[in-house]
Amino acid sequence: MKHTPLIAPSILAADFGNLQRDVEMLNESQADWIHIDIMDGVFVPNISFGMPVCQAIQKYAQKPLDVHLMIERPERYVAEFKNLGASIISVHIEACEHLHRNIQQIKDLGCKAGIAVNPHTSITLLENVIADVDLVCLMSVNPGFGGQKFIPQTYQKVRQLKELIIKTNSNALIEIDGGVNSQNAPLLLDAGADVLVAGSFVFGASDPKQIISELKSWVVS
Ligand code: DX5
Ligand code: ZN
């Protein structure tokens with residue numbers, strides 16, 4: 001059935017000197033979720049922000065918080081992110097030794113569980129967990145920085161993942177993260193994507209709310 005995509009602007013591209021203003025802008029926009037990128041400087045070569053900033057986001061946000069953990073051994077922190085208002089928590093397949101356990105831990109806390117997948121990681125590695133997850137976050141750039149160039153190989157991965165989801169009767173949503181813009185968005189949705197994360201494309205625009213509604217206006221096939 002045709003439906004509109006979910007749009008998850010990434011707060012990483014917001015103006016942190018005006019965080020309240022930017023979160024309130026997202027509240028008023030057609031954004032569905034607020035995407036929160038947590039980087040530890042170990043799993044990825046960058047550190048983003050931590051708990052006090054998440055607390056400030058939680059204070060003002062009126063939309064579900066979609067937390068993307070780019071950290072080693074995420075099991076150490078998922079309960080804390082749940083307490084900071086996370087509705088969805090995604091962990092990287094490359095950062096988890098016991099991925100199945102990590103997924104269960106997130107679900108036991110009452111959150112939706114997602115797996116994030118780096119550009120080099122094969123979709124076939126998801127075969128044994130796809131039935132248990134609510135979301136797969138396909139990285140369309142190498143994680144660690146906003147504002148990078150979209151990797152076109154992602155289209156093929158979306159199609160492959162969609163096939164796997166259908167074959168296994170999984171309810172997982174396909175989220176695309178990195179370099180999303182109005183050129184690649186319709187192609188991604190055609191390939192089977194359900195959720196679009198967009199950082200610099202939204203916050204770099206003169207009218208971010210307009211960009212969000214433009215992304216929201218596409219139809220998922
Ligand atoms: C990259 C992050 C992305 C990033 C997206 O490591 O996971 O969520 O904020 O930013 P853009 O849309 O600018 O590529
Ligand atoms: Zn992200």
Side-chain angles (χ1 to χ4, degrees), residues 5-16 19 22-23 26 29 31-50 53-54 57 61 63-72 74 77-78 81 84 86-95 106 111-121 133-154 157-158 173-189 193-206 208 211-212 214-216 218:
L6 299 176
I7 307 301
S10 169
I11 206 78
L12 186 64
D15 175 355
F16 285 80
L19 192 55
D22 282 2
V23 172
L26 295 179
S29 78
D32 296 279
W33 300 344
I34 298 177
H35 186 82
I36 299 183
D37 288 307
I38 304 296
M39 306 177 183
D40 67 354
V42 179
F43 178 66
V44 288
N46 192 16
I47 295 174
S48 53
F49 51 82
V53 173
C54 291
I57 297 167
K63 308 235 168 164
L65 304 181
D66 171 34
V67 175
H68 176 194
L69 296 180
M70 286 162 272
I71 66 179
E72 292 286 349
Y77 293 107
V78 291
F81 283 105
L84 287 164
S87 294
I88 306 126
I89 299 179
S90 296
V91 294
H92 265 266
I93 185 168
E94 304 85 2
I106 295 168
C111 295
K112 298 224 180 283
I115 301 178
V117 179
N118 277 342
H120 75 275
T121 301
V133 296
D134 301 295
L135 179 103
V136 176
C137 174
L138 274 191
M139 294 306 301
S140 40
V141 298
N142 284 295
F145 303 92
Q148 301 182 83
K149 201 166 158 275
F150 177 82
I151 300 172
Q153 166 70 9
T154 310
K157 286 181 85 174
V158 177
L173 295 174
I174 302 178
E175 177 178 68
I176 311 296
D177 189 7
V180 170
N181 57 35
S182 56
Q183 265 89 58
N184 53 37
L187 301 173
L188 288 163
L189 298 171
D194 304 291
V195 188
L196 300 176
V197 174
S200 35
F201 186 59
V202 166
F203 286 97
S206 53
I211 293 290
I212 293 167
E214 190 187 311
L215 288 170
K216 186 76 188 164
W218 298 103

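Residue numbers count from 1 along this sequence. Note that the structure is a prediction, hence the values are computed from the model and not measured. In listed order, ligands and their atoms are each counted from 1. The figures that follow rest on heavy atoms only: side chains count, while hydrogens, waters and symmetry mates do not.
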Among the N, O or S atoms of D177, which one sits nearest to the Zn ion (ligand 2)? OD2
Closest to atom 14 (O) of ligand 1 among protein heavy atoms sits G179 N, 2.8 Å
Please determine if the Zn ion (ligand 2) has an N/O/S atom from H35 lying under 2.8 Å away. yes
Does atom NZ of K112 have more than 12 heavy-atom neighbours, drawn from other residues, nucleotides or ligands, at distances under 6.0 Å? no
As a check for students: among S48, G147, A198, G204, identify the option with a heavy atom nearest to atom 11 (P) of ligand 1. G147
Suppose we measure from atom 1 (C) of ligand 1 to each protein heavy atom; which comes out shortest, and what is that distance? F145 O, 3.5 Å
Neighbour count >12 (heavy atoms, 6.0 Å) for atom CZ, F203: yes
D66-H68 side chain donor-acceptor pair, cut-off 3.5 Å: no
Give the atom name of whichever N/O/S atom in D37 sits closest to the Zn ion (ligand 2). OD1
Which residue and non-hydrogen atom of the protein lie closest to atom 4 (C) of ligand 1, and at what distance in Å? D37 OD2, 3.6 Å
Please check this pair: side chain of S140 against backbone of D177, looking for a donor-acceptor N/O pair closer than 3.5 Å. yes
With rounding to the nearest 0.5 angstrom, report the CD to CG distance, E175 to L135. 4.5 Å
Does ligand 1 have any atom that is closer than 4.0 Å to a heavy atom of F201? no
Contact between ligand 1 and A13 is defined here as a heavy atom of the residue under 4.0 Å from a ligand atom; is it met? no
Considering heavy atoms of the protein only, find what lies nearest to atom 8 (O) of ligand 1 and give residue, atom and distance to 0.1 Å. D177 OD1, 2.6 Å
I'd like the atom name of the N/O/S atom in H68 lying closest to the Zn ion (ligand 2). ND1
Give the residue and atom name of whichever protein heavy atom lies nearest to atom 13 (O) of ligand 1, and the separation in Å to one decimal. S200 OG, 2.4 Å
Where is the nearest protein heavy atom to atom 12 (O) of ligand 1: which residue, which atom, and how far? G199 N, 2.7 Å
